[in-house]
Amino acid sequence: MTQDPLLTGLAALAAEPPEGLLDRIAARWVRVPGPIGELAVAYTDQGVAYVHAGEGFTEAYRERFGRPLMPAARPPAGLLPALRTGRLGALRLDLRGMSDFQREVLEVVRTIPRGEVRPYAYIASRIGRPTAVRAVGTALGRNPVPLLIPCHRVTRSDGVVGEYVFGAAAKERLLLAEGVDLDRVRTLAGERVFYLASDTTGVVCFPTCHNARRITPAHRHGFRSVAQARDAGYRPCRTCRPASQAGA
DNA sequence: CGCATGGCCCTTA
DNA sequence: TTAAGGGCCATGC
C-alpha cells in the first residue's frame, strides 16, 4: 500500500526486534529446583532479578516490575550451582530499581557466609545507620532475590530466628540445612550470651562465626555485649566484625 | 527472665 | 503530602 521507508522500518521492528533490545526490556524466566522446593526465577541481561517460591509467579512479577516476561529454555549459567552451594560465584544480579538504602543492606547481607547468622542490628550498623534496624527488616522483606542474597541468614539479636519472605519455618529449615546450630544459639541466648571469645587468641566473635566454632571449651568465654568483651581485653574478630560500624 | 513498651527509619498507600 | 506500620531492639518491671 505504501513504500514509506519509515513504515516499512517500523514493520520490520515489530516483526523482529533488533538483537539485544528485547533483553533490555523484557525478562526471561525459568522454573528450577531450589533448597525449599521449586522456584521461579526471572533474569535480564544484567543478571538475576527475581526469585519466587510458590504459586503466582507471573502475577507477582508483573505487579512488582511491570515488565514483559518471556519463558526461557534454560536457566542462566551459574544459577543452579549458586542455589545448591549458597554461594553466588560468577552469577550476576540485576538490582536496578532498588533504593540506595535497600542496595546497601543487600550488599552487606550478601557477605554473610553459609552456615552463619548475623543480627538485623549488625546490618544496620554496617551501613552506618545503627538505628535503622526495623527498616533493615523491611528492606529484607522486599529482597527480590532471596536465597541468592541470603537474607535467611539475618536473625534477631535475642536469638530468635525471626521472619522471612518465604516464612519463618523455611528460614529455620534453610539454616539447619546450612549447618547452623540453632539449638546452641538459643541455649546461649537463654544465658544472655551473644558473643564468644577465646582467651588464647584474644578475639571475640559472633557465636556462629567459623572462628568462634573452633574455640576449645576450656578457653571459651561468653559475653552479653562487645563492650563487655572489650573491657575484658578482647578485640573484635576481623572476619565476623561484631558490633562494627561502616568503615570501622 | 519473660513480657510490654517506646523508639526508630524507610516504604507504601 | 502524610501517616501508618513492619522480617527489630534495648530497656524496665
Side-chain angles (χ1 to χ4, degrees), chain A residues 34-37 39 49-54 59-66 86 95-112 114 116-178 180 182-195 204 206-208 222-231 236 240-246 248:
Chain A
I36 50 167
L39 300 169
Y50 188 50
V51 173
H52 183 272
E59 296 79 3
Y61 180 87
R62 257 189 277 274
E63 177 170 349
R64 185 155 174 183
F65 296 92
L95 297 179
R96 290 173 299 177
M98 321 256 80
S99 70
D100 290 343
F101 177 83
Q102 196 159 74
R103 247 196 310 273
E104 287 179 66
V105 167
L106 294 178
E107 282 309 315
V108 175
V109 170
R110 196 174 171 154
T111 66
I112 307 173
R114 180 187 168 92
E116 303 187 21
V117 297
R118 302 282 183 272
Y120 291 90
Y122 165 81
I123 310 296
S125 283
R126 283 291 303 277
I127 65 173
R129 318 200 64 91
T131 57
V133 181
R134 298 195 70 165
V136 166
T138 311
L140 293 186
R142 299 272 306 166
N143 177 10
V145 286
L147 299 171
L148 297 178
I149 289 182
C151 56
H152 59 281
R153 295 178 194 149
V154 183
T155 56
R156 292 178 18 168
S157 299
D158 62 3
V160 177
V161 162
E163 287 301 324
Y164 184 48
V165 227
F166 297 155
K171 187 175 187 176
E172 181 153 347
R173 275 206 307 283
L174 283 167
L175 291 175
L176 289 173
E178 293 188 348
V180 178
L182 287 178
D183 284 337
R184 182 149 168 284
V185 169
R186 287 189 269 250
T187 302
L188 290 171
E191 301 162 356
R192 298 288 141 100
V193 169
F194 303 109
Y195 303 92
V204 59
F206 283 114
T208 59
F223 289 95
R224 183 173 183 164
S225 69
V226 176
Q228 291 174 3
R230 273 210 166 98
D231 290 346
C240 65
R241 304 176 63 183
S244 66
Q245 312 210 349

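Residue numbers begin at 1 in each chain, while the letters A, B, ... track the order of the sequences. Both backbone and side-chain heavy atoms feed into the values below; hydrogens, waters and symmetry mates do not.
- Rounded to an integer number of Å, the gap from A:Asp158 CG to B:dC3 C1' is 12 Å.
- At the heavy-atom level, A:Val136 lies nowhere under 4.0 Å from the strands shown.
- Side-chain atoms of A:Leu95 and A:Ile149, non-hydrogen and from C-beta on, do get closer than 4.5 Å to each other.
- If you check B:dC10, B:dT11, B:dT12 against the side chain of A:Arg129, the one that comes closest is B:dC10.
- Between the CZ atom of A:Arg118 and the C1' atom of C:dC8 there is a distance of 18 Å, given to the nearest Å.
- The separation between A:Arg64 atom CZ and B:dT12 atom C1' is 13 Å, rounded to whole Å.
- Taking only side-chain nitrogens and oxygens, A:Ser157 never comes nearer than 4.0 Å to OP1 or OP2 of C:dC8.
- Residue A:Thr131 places at least one side-chain N or O closer than 4.0 Å to OP1 or OP2 of B:dC9.
- Looking at heavy-atom distances under 4.0 Å, A:Val161 makes no contact with the nucleic acid at all.
- In this structure, A:Tyr120 reaches the bases: a heavy-atom distance under 4.0 Å links it to at least one base atom across the strands shown.
- Of the candidate nucleotides B:dT11, C:dG7, C:dC9, C:dG7 has the atom lying nearest to any side-chain atom of A:Tyr164.
- When each of B:dT12, B:dT11, C:dG7 is scored by its nearest atom to the side-chain atoms of A:Leu140, the top-ranked nucleotide is C:dG7.
- For A:Arg64, the CZ atom sits in a packed shell: over 12 heavy atoms of surrounding residues, nucleotides or ligands are nearer than 6.0 Å.
- In this structure, A:Arg134 atom CZ and C:dG6 atom P are separated by 7 Å, rounded to whole Å.
- The ring of A:Phe194 has its center no closer than 6.0 angstrom to the ring center of A:Phe223.
- Applying the 4.0 Å criterion to OP1 and OP2 of B:dT12, one finds that A:Arg142 has a side-chain N or O inside that range.
- One interatomic measurement links the two molecules: CG of A:Asn143 to C1' of B:dC10, which rounds to 16 Å at whole-angstrom precision.
- Across the strands present, C:dA3 finds its partner in B:dT12; the criterion is a Watson-Crick or G-U wobble pair with both atom distances under 3.5 angstrom.
- Across all strands shown, the partner of C:dT11 is B:dA4, judged by Watson-Crick or G-U wobble contacts whose two distances both fall under 3.5 Å.
- Among the nucleotides B:dC1, C:dG7, C:dG6, the one closest to any side-chain atom of A:Arg192 is B:dC1.
- Using modelled atom types, one side-chain atom of A:Thr138 and one backbone atom of A:Arg134 make a donor-acceptor pair closer than 3.5 Å.
- Checking C:dC9, C:dG7, B:dC10 against the side-chain heavy atoms of A:Ala135 singles out B:dC10 as nearest.
- Surrounding CD of A:Glu63 are at most 12 heavy atoms belonging to other residues, nucleotides or ligands under 6.0 Å away.
- Computed from coordinates, the A:Gln228 CD to C:dA10 C1' distance equals 14 Å when rounded to whole Å.
- Taking atom CZ of A:Phe194 as the reference point, atom C1' of C:dC9 lies 11 Å away to the nearest angstrom.
- The phosphate of B:dT11 (OP1 or OP2) has a side-chain N or O of A:Ser99 nearer than 4.0 angstrom.
- The side chain of A:Arg156 sits closest to C:dC9 out of B:dT11, C:dC9, C:dG7.
- Checked for salt-bridge contact, A:Glu104 and A:Arg129 miss the test: no charged N lies under 4.0 Å from a carboxylate O.
- Rounded to whole angstrom, the span from the CD1 atom of A:Ile123 across to the C1' atom of B:dC9 amounts to 16 Å.
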